[in-house]
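Report on the following structure.
Within every chain, numbering begins at 1; the chains are lettered A, B, ... in the order of the sequence lines, protein sequences first and strands thereafter.
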Amino acid sequence: MDDWKPSSLIKPFGARKKRSWYLTWKYKLTNQRALRRFCQTGAVLFLLVTVIVNIKLILDTRRAISEANGDSEPEQDYDEALGRLEPSRRRGSGPRRVLDVEVYSSRSKVYVAVDGTTVLEDEAREQGRGIHVIVLNQATGHVMAKRVFDTYSPHEDEAMVLFLNMVAPGRVLICTVKDEGSFHLKDTAKALLRSLGSQAGPALGWRDTWAFVGRKGGPVLGEKHSKSPALSSWGDPVLLKTDVPLSSAEEAECHWADTELNRRRRRFCSKVEGYGSVCSCKDPTPIEFSPDPLPDNKVLNVPVAVIAGNRPNYLYRMLRSLLSAQGVSPQMITVFIDGYYEEPMDVVALFGLRGIQHTPISIKNARVSQHYKASLTATFNLFPEARFAVVLEEDLDIAVDFFSFLSQSIHLLEEDDSLYCISAWNDQGYEHTAEDPALLYRVETMPGLGWVLRKSLYKEELEPKWPTPEKLWDWDMWMRMPEQRRGRECIIPDVSRSYHFGIIGLNMNGYFHEAYFKKHKFNTVPGVQLRNVDSLKKEAYEAEIHRLLSEAEVLDHSKNPCEDSFLPDTEGHTYVAFIRMEKDDDFITWTQLAKCLHIWDLDVRGNHRGLWRLFRKKNHFLVVGVPASPYSVKKPPSIIPIFLEPPPKEEGAPGAAEQT
Amino acid sequence: MSRINKNVILALLTLTSSAFLLFQLYYYKHYISAKNGAGVSKSKGNRIGFDSTQWRAVKKFVMLTSSQNVPVFLIDPLILELINKDFEQVKNISHGSTSECKFFCVPRDFTAFALRYHLWKNEEGWFRTAENMGFQCLKVESKDPRLDGIDSLSGTEIPLHYICRLANHAIHLVVFHERSGNYLWHGHLRLKGRVDRKFVPFRKLQFGRYPGAFDRPELQQITVDGLEVLIPKDPVHFLEEIPHSRFIECRYKEARAFFQQYLDDNTVEAMAFRKSAKELLQLAARTLKKLGVRFWLSSGTCLGWYRQCNIIPYSKDVDLGIFIQDYKSDIISAFQDVGLPLKHKFGKVEDSLELSFQGKDDVKLDIFFFYEETDHMWNGGTQAKTGKKFKYLFPKFTLCWTEFVDMKIHVPCETIDYIEANYGKTWKIPVKTWDWKRSPPNVRPNGVWPISEWDEVIQLY
C-alpha cells in the first residue's frame, strides 16, 4: 500500500475491486452448496474428457501402426474393390440365370435373338450365304464373336474349323444356315460339328436349313433341321427357341496371375472370341513384347498413326508385328478407328495403346479419305513437336527392322526437298524381283503401305486442299496426282519392310490379293545396315545411276524379254535392257513387260525418269525407256529398243482395282 | 474446514488431470508426426524441422518419381517464390549439407509439381507404386482438347491432374500436354460425380481452377532441403505466368455448326488470304513478343476466332489490341525491321492511337490501342478526310490465352461481351459489308481533331 503512487489512480481501484470480487466468490463457494456441486461435476466432466481423449489416442495409434506396417495393404484393398465390382456388374445384367435364345434359318433370311434382342439379322439378297456362327459368353450372354463362313465356296470350311477350334471351351455356340451351306463343307468340318454334339450338322445337305445352339465341349442346347426336298428347292424355314442356362462367372474365366497385363487380357477375353491363344488359360501368348531397342534411334519420337477400319483380327495381327519391331515406342502409337466399332477398340486396349474413334461422315472411298485426313491432323495435334509421322494401315505386317530402316533413312526427308515420302513398300518387290535388303531406290510413284509423311508437307500443302467428302476420291490416288506430288520422289527399299496381308478390303478380293500381293518379298532379317544412304539424295542418285548404267552389261535384245532365258544364269551381275517409250507417259511396252514378269502392271509404279530397277535371278536388272528417259544416251547405237504389243482390248486386266 | 479441504483436493485433481491431458496431447502430436517419417529424422539428429509432414510427403514423392524415371518439376508458387528469394544460396548449397528445412517444411496444404505427359512412360505402374507407398491418389481425366478441332473424333481420355495425399499433406501433380503453338497446356480440375469433395481442400489448389497455358520451361536441377528437384530455369518468368495463365479453348462445336449453316469458303482466293493473314499474324506475334508487348485478337480477327475458329476470309486485315500503358515507341521501327512498313498512324499516345502496317499480298495489320476508364475500356478511330474522331466502347475485360492458327495467343476472357459490344447480338450472322464508322453498336462520335494537330494525328504513308 505504501508503494502506491498517487499518479496511478486506477490501479488501486481495480485491485480493490478484484479483491472484493474474489472474496465474494470465495464466500459464495464456501457457502453455496449448489455451486460446489457444480464445480465437482465440472471436474468429473474434465476427467471424463481425459478418458475419451485417451481412448481416441489408443485407437489412432493402432490405426497408424497398422498403416505403417502394411504397405501392401492398399493394393489389396484396390483389388478387392475390383473383385467386388465385377460380379455386381454381372448380376446387374439380370437376376435371371437363363438366356432365351431364338435362331432362325431359311433360304433368304437368318436371325438370332438373345433375350429378345436381335444380335444377328441378315435378309440382304445375294449376301451372307453360308453358315453364320455366333459365340456367346456363357456367364454374361454377351456376343463375343460373329462370323459367317460361306461354305458353299471352297476353303471357307477350313476357316470355320480354325475359328471353332479357337473358341474357348464352355462358350455358347449358335449356328444357322442362310441359303446354302453344305456344298464345300468337307469331312473335317463335319467331324468337328459332330464333336460339338450336332446331329444334323454332319449330315447337312444341299440347301438344307439348320439352326443349332450348343455349348462348346458341353451339351447341345437345341437343334432344328429341315431337309431340302429337291435340288431346285430349299428346306423349310426353321425357328429354334431354346433356353440357355448361364454359368457362374468364375467358371467362364481363366486363372491367370494377377498382373497389369493379365488384367488387360482378362478384360479382352471376357468380351471377344476368336483370337487364338491370347485367351488360352494354360499358356496364353504374350501381349507385351520387348524388342531390342535401337541404338541411336532417330525415329523414337516420331508418332505412328495406324489407320484402321472394322477388321479387328487384322488389327490384332498388325499390332503384334508392329509391337515386335525393334525400336518401337508404344506411347507414340495411335490407332485411328473409322467408326464406332467396339472390337477394334478392345484390341487396341489389349495392347495398352491409344485408340481414337472417328464417326463416319461420308461413303466408301471418300470416307476412307476423310478418315485419313482426320487421323493425320489428329496425329500432328497430339504430337505438336513432331516433324514427321509414320502412317500404317491395319492390314500390314511390319518387318522386324522397320524402324531401323526408317531411322537410317529419315534424315533424307529433312535434307532433300525433292523427296515426297519414305515408304517401306516396293511395288515391284516380289519374291522373284527383289533381292537386296540393304538397297534403296528413288521412285516417282508413291507406294503408301507403311510410309513417312513430313509435317510441313501435310500442313502446308496437303491438309488445306485435301479432297472434300463430296469428291469421291481415293486419298492415295489423289496424293499421286502431279498437282500434289509436284515432281517429288519417294525413297523405297528393294525388299519391302511391310507386307500387305489384307484380303477383305474396300478394293480387295481374294483373286486380286493372290495375284498381286501374296508373293511380295518381305524382309525378315533384323538390323540390316542400309548401304550408302546419302547416295539417295537428288544429285548423288543421278551419279549413282550413271555409274550403274556404265558398268551394266547390255542384254541380247533379239531375245524375248518374257522368256526366262532373257537373262543369263549368272549371279551378282548388272544388266540393262532398253524398251520403247516414246513420251513421258508412254508405258505400253513397260506394262506388257511387267505383265509377263508377273509384277505390278495395273498402273505404272517404281519408275525413276524412265528407269526401272529390279532383280532377276539374283542379277540387278535395269530397264530404260527409250527415248523418253534421259538415260537413253547410254543406249549403244546398235540396239533397237524392245517393243511389246498390247493384247487386243476385249479382255483387259481384272478391273481397275487399286491398292489401298 | 473439511469442506475447504475437499475443494482443495478437487482442485488438485483437476490440475493433475489437465497436466496429464496436456502431456498426452503433446505426446499424441509428437507420435503422429514421428510415425510418418520412418526414422529419417532420428539418424540426422541435429537437423531442424525435417520431421514435418510436408517435407516427408515431398520426399516420398520425389523418391517415387525418380525411381520410376518420371521427370516431374516443381511449380509450386509458394516454394518457387521462397527459392527465388534465396536463389544464390540454394544454388551454392551442395547436397546434404542443409541443416535447416527452409522450403518444403513451410506449412501449407499442397505442393504442386508438373510433368510433361509425353515423357511419362509407365503411368499405370507409377500410379500403383504410389498407392503402394501409402499415397492416396485421385486422378482427374478428361477428353483430349487437341481432338476437339477435328470433326467427330473421340478418343481415350487423357489425365489432367493427380492429387496424391500422404497423411495431411497432398502433392498436386499437374499434367502438362504439348499443344500446337509450342506451349504447354493443363486442364481444368473438374470433379466428377462420385469424387469425395473432402479428399483435400480443393479450393486451396493453385492450379486447375481454369485450364492454363505456359511457355515450355527449361529446367534445372537443384537441391532444396536435401531433396533433388527440377525447377524451371527461370522461376521468375514462370511465377509471372501463373496468375495470367488462364486458357480458353476455341468453341469448335459451335464453329462446326456455323460452317454447317454458312459453308466454309474454300476458294483459292480465300485459302490464299487465310495463308497470308496467318503468316502476318504469326510475324506480328513474334515481333510483339520480342518487344515484350502484350496484345490480343481484336475486332474481326477475334470474331473469326470466336465464331469459326479460323480467319474470316473476307475480312481483308488482321486486327490486334494493345493496352496503351503497354505502348512502346519502338513498335513502329520493330515492325519496319521485319518488313511491315507503317501505313498510317492516327491519334497520339494520349488519345485515340491507332497504327496500321502494310503486310504482304495486300493484307493489312491494324493495331488499336485501348484506354482504360473507371467502368469501361475504349479505343479510338479517326476519319482521315474529315478529322472526325470516334470512340469504341467496351466493357472491362481481362486477357486469356487461347490457341489460334497454331499459336498461343491472347483474347479477351470475356469474349462474348467484347464481341457483342463490337458486333451486337447478331454477330453469329456473317456480314460482308461493314462500315467501321457506323456499323458497330459501340461507336460514339468523339469530336474532331483540331486542324492544328492534323499533321501529328493523321499520318498516311
Side-chain angles (χ1 to χ4, degrees), chain A residues 29-30 33 36 39-40 42-44 46-47 49-50 53-54 56-57 60-61 64-65 67-68 71-75 77-78 260 301 329-332 334 336 340 345 348-349 352-361 370 373-375 377-378 380-386 459-460 464-465 468, chain B residues 3-4 6-7 10-11 13-14 17-18 20-21 24-25 27-28 31-32 34-36 38 117-125 128-136 144-156 158 167 177-183 216 264 266 268 271 274-275 406:
Chain A
L29 198 75
T30 44
R33 204 188 177 102
R36 211 176 57 230
C39 282
Q40 279 175 347
V44 169
F46 199 57
L47 282 167
V49 169
T50 321
V53 169
N54 263 302
K56 187 170 160 43
L57 177 70
D60 282 359
T61 318
I65 287 171
E67 261 179 23
D71 257 356
S72 58
E73 260 177 35
E75 198 189 15
D77 283 354
Y78 181 68
E260 187 52 47
N301 292 318
S329 42
Q331 68 271 17
M332 300 305 287
T334 313
F336 293 94
Y340 274 114
M345 213 55 179
V348 173
L353 299 174
R354 172 182 27 242
I356 290 174
Q357 288 167 314
H358 181 210
T359 332
I361 48 170
Q370 294 310 304
K373 183 186 181 189
S375 307
T377 304
F380 289 119
N381 275 7
L382 291 173
F383 300 93
E385 281 178 285
K459 281 283 164 189
E460 286 158 26
K465 49 179 185 169
T468 44
Chain B
R3 272 182 187 175
I4 292 164
K6 219 174 177 180
N7 278 332
L10 211 77
L13 201 73
T14 318
S17 136
S18 52
F20 192 50
L21 185 75
Q24 280 181 337
L25 277 173
Y27 173 77
Y28 179 59
Y31 182 84
I32 285 292
K35 173 204 78 165
N36 291 319
Y117 185 61
H118 76 288
L119 301 175
W120 202 353
K121 303 284 183 227
N122 181 7
E123 189 190 342
E124 211 146 335
R128 216 160 279 281
T129 321
E131 293 202 316
N132 285 351
M133 283 177 87
F135 282 107
Q136 284 175 286
D144 195 332
R146 291 168 298 189
L147 301 177
D148 272 5
I150 310 161
D151 243 0
S152 52
L153 284 191
S154 58
T156 31
I158 51 168
H177 296 268
E178 305 282 333
R179 296 283 299 256
S180 314
N182 206 21
Y183 68 99
R216 189 181 302 113
D264 199 3
N266 280 325
V268 181
M271 279 190 334
R274 276 194 178 137
K275 192 162 180 260
D406 294 334

Distance, nearest 0.5 Å, that separates NE2 of B/His177 from OH of B/Tyr183: 12.0 Å
If you count heavy-atom pairs within less than 4.5 Å of chain A, which of B/Met271, B/Glu124, B/Lys275 leads? B/Glu124
The interface call for B/Glu178 against chain A, heavy-atom contacts under 4.5 Å, is both
Could you work out, with ring pair (Phe, Tyr, Trp, His ring centres under 6.0 Å) as the rule, every residue matching A/Phe380, not counting sequence neighbours? A/Tyr458
Chain A: which of B/Ser180, B/Ala11, B/Gly125, B/Gly181 shares the most heavy-atom pairs with it under 4.5 Å? B/Ser180
So which part of B/Leu153 gets closer than 4.5 Å to some heavy atom of chain A, the side chain, the backbone, both or neither? both
Rounded to the nearest 0.5 Å, what's the gap from CZ on B/Arg179 to CG on B/Asp406? Could you check? 10.5 Å
With B/Arg274, which residues qualify under side-chain hydrogen bond (donor to acceptor under 3.5 Å, both in side chains), at least two apart? B/Asp264
Which atoms of A/Gln357 come close to chain B, meaning under 4.5 Å heavy atom to heavy atom: side chain ones, backbone ones, both, or neither? both
Would B/Phe135 and B/Thr129 count as a side chain to side chain contact (heavy atoms under 4.5 Å, CB included) if you check the C-alpha gap in whole Å, the side-chain angles of each, and the deciding distance to 0.1 Å? CA-CA 9 Å; B/Phe135 282 107; B/Thr129 321; over 6 Å; no
Separation between CG (A/Leu382) and OG1 (A/Thr334), nearest 0.5 Å, reads 5.5 Å
Tell me, for B/Asp144 versus chain A, whether the close heavy atoms (under 4.5 Å) come from the side chain, the backbone, both or neither. side chain
When heavy-atom pairs shorter than 4.5 Å are enumerated against chain B, which of A/Ala349, A/Ser329, A/Gly42, A/Gly355 gives the highest number? A/Gly355
